[in-house]
Amino acid sequence: MTTIIKNGTIVTADLTYKADVKVEGGVITEIGPNLSGGDELDATGCYVMPGGIDPHVHLEMPFMGTYSTDDFESGTRAGLAGGTTMVIDFCLPSPGQSLLEAIQMWDNKSTRANCDYSFHMAITWWGEQVFNEMETVVKEKGINSFKHFLAYKGALMVNDDELYASFKRCAALGATPMVHAENGDVIAELSAQLLAQGNNGPEAHAYSRPSQVEGEATNRAIMIADMAGAALYVVHTSCEESHEAIRRARQNGKRVWGEPLIQHLTLDETEYFNDDWDHAARRVMSPPFRNKQHQDSLWAGLQAGSLSVVATDHCAFTTEQKRTGVGDFTKIPNGTGGLEDRMPMLWTYGVSTGRLTMNEFVAVTSTNIAKIMNMYPKKGAVLVGADADLVVWDPNKEKTISANGQQSAIDYNVFEGKKVKGLPRFTMTRGMVAIADGEVKTQEGHGQFVKREPNAPVNAALSKWKELSAPTPVKRTGIPATGV
Ligand code: URP
Ligand code: ZN
Ligand code: ZN
Ligand code: ZN
């Protein structure tokens, strides 16, 4: 089947120009003026961009005694409705579980995906088995990124010795370590102290995770990665302290990427002071929403290039699930949604305000992610030969975000009431039109797993540099005899 996207303006990470796009067999086969010979999609007045890639989602994730409610079906449907055509989920072995067994479980869940997807592997425990299986994960399973939690003490958290060992293993395999950077020991202490003082509401979640816990852990992870000779991807960068550590590292030539979330860019800590318990608890996530100064820092980072991508960390729990934490904020499942809203919110609050150019928008929602995760230009590009994961973006289409009619399976939306201008007219996943003028035509199971090779250009360059600058014994002319 051949489809021609007609009369649009192509916007990529580095170019803006008028051209039609021909799609055959799920890939882009021609780009140029006046193309014909297939079904036509009218892109008049629209921008034709690479579909969004969300590098950080948790679909049907086992967490805090429950499962996140959006699964691979509803989650990817929500993504497509908002112009996102690929997600990367986290395969999460339980402590002691084989990494390969965990992949099998994630393979089973993801068969329902409506768009393409990939996995990061989480390192939730450490041992010889994990060390050995990491090689199979990279070389056979097509996963080149490993997430480490410095928070969630007693559950997912790893210690510094494990972190260093795993980072070294990643470097040797040409893979990229990722880190959830919050100091889990300090959070555990602060949480106990707050509860003992009678601070048990959702606002105490924010009190228990000040920006210092994130700044400290980010800097620690950066330094450990540097010593291990690894690059580092810092997930959900939410504050100036963490951004500052990333900025400084990048200025010093370290290969570090920061990932702000659309939630942290557009929602602030006052949400936790709402006198409706449900309202506040629905917004409990880690790290918590922060104040305007931190938000300004994140926007500045996207503008300056010290922060590289925008994600959602989509991990959606219903109000009922959130209520597990009534009387004890530490039991509120951590996570918020955002898959359907990331692109329209970033366009409205980023491009329409003049903070970001359209090309920067494409870079941080798609192209940079595809490059860092080593799947460019199959993904993240409008180029001949690339997968036809495309969004035809109508800058004049408006809506007010509401849980009513959203694709996500939960009963609320953290962006409720926000007016957005800039929405998909069409979203295409590997050549299939999944969203057409608000009409959802997704096909369960259409999504395919995207294998990602190790040794991305940056990883390869870094390992060459580390090899050349590794400690070597000094060749001496005279060595005194021992004991003299
Ligand atoms: O609160 C959050 N972020 N929940 C999802 C798990 C994680 O830490 O990324
Ligand atoms: Zn996290
Ligand atoms: Zn409310
Ligand atoms: Zn996450």
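In listed order, ligands and their atoms are each counted from 1. Bear in mind the structure is a predicted one, so any value in this text is a computation, not a measurement. For this chain, numbers begin at 1 and follow the sequence in order.
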Atom 4 (N) of ligand 1 has as its nearest protein heavy atom N334 O, 3.0 Å

Among non-hydrogen protein atoms, atom 1 (O) of ligand 1 lies closest to S286 N, 2.8 Å

Measure the spacing between [atom1] of [X] and [atom2] of [Y] and express it to the nearest 0.5 Å.
X    : Y    : atom1 : atom2 : result
W257 : T237 : CH2   : OG1   : 13.0 Å
N334 : H58  : CG    : NE2   : 10.5 Å
T84  : R77  : OG1   : CZ    : 14.5 Å

Find all atoms of ligand 1 within a distance of less than 4.0 Å from any non-hydrogen atom belonging to [X], and give their numbers and elements.
X    : result
H236 : 8 (O), 9 (O)
M285 : 1 (O), 3 (N)
C315 : 5 (C)

Pair F167 + F146: ring centers closer than 6.0 Å
no

Note: heavy atom closest to atom 5 (C) of ligand 1, options V57, V235, D313, belongs to D313

- Y152 heavy atom under 4.0 Å from ligand 1: yes

Full working for ring pair (Phe, Tyr, Trp, His ring centres under 6.0 Å) between H148 and H180
CA-CA 6 Å; H148 306 75; H180 171 138; over 10 Å; no

**OP:** Could you go through the side-chain hydrogen bond (donor to acceptor under 3.5 Å, both in side chains) check for T312 and D54 one step at a time?
**Re:** CA-CA 7 Å; T312 63; D54 193 331; 2.5 Å; yes

Atom name of the N, O or S atom of D313 nearest to the Zn ion (ligand 4) is OD1

Only one of V351, L356, D341 passes side-chain contact (heavy atoms from CB on, under 4.5 Å) with L346, and that residue is L356

Between H180 atom ND1 and H236 atom NE2, the angle centred on the Zn ion (ligand 2) rounds (to 10°) to 90°

In this structure, the Zn ion (ligand 4) sits at the vertex of an angle between NE2 of H56 and NE2 of H58 that rounds to 10° as 110°

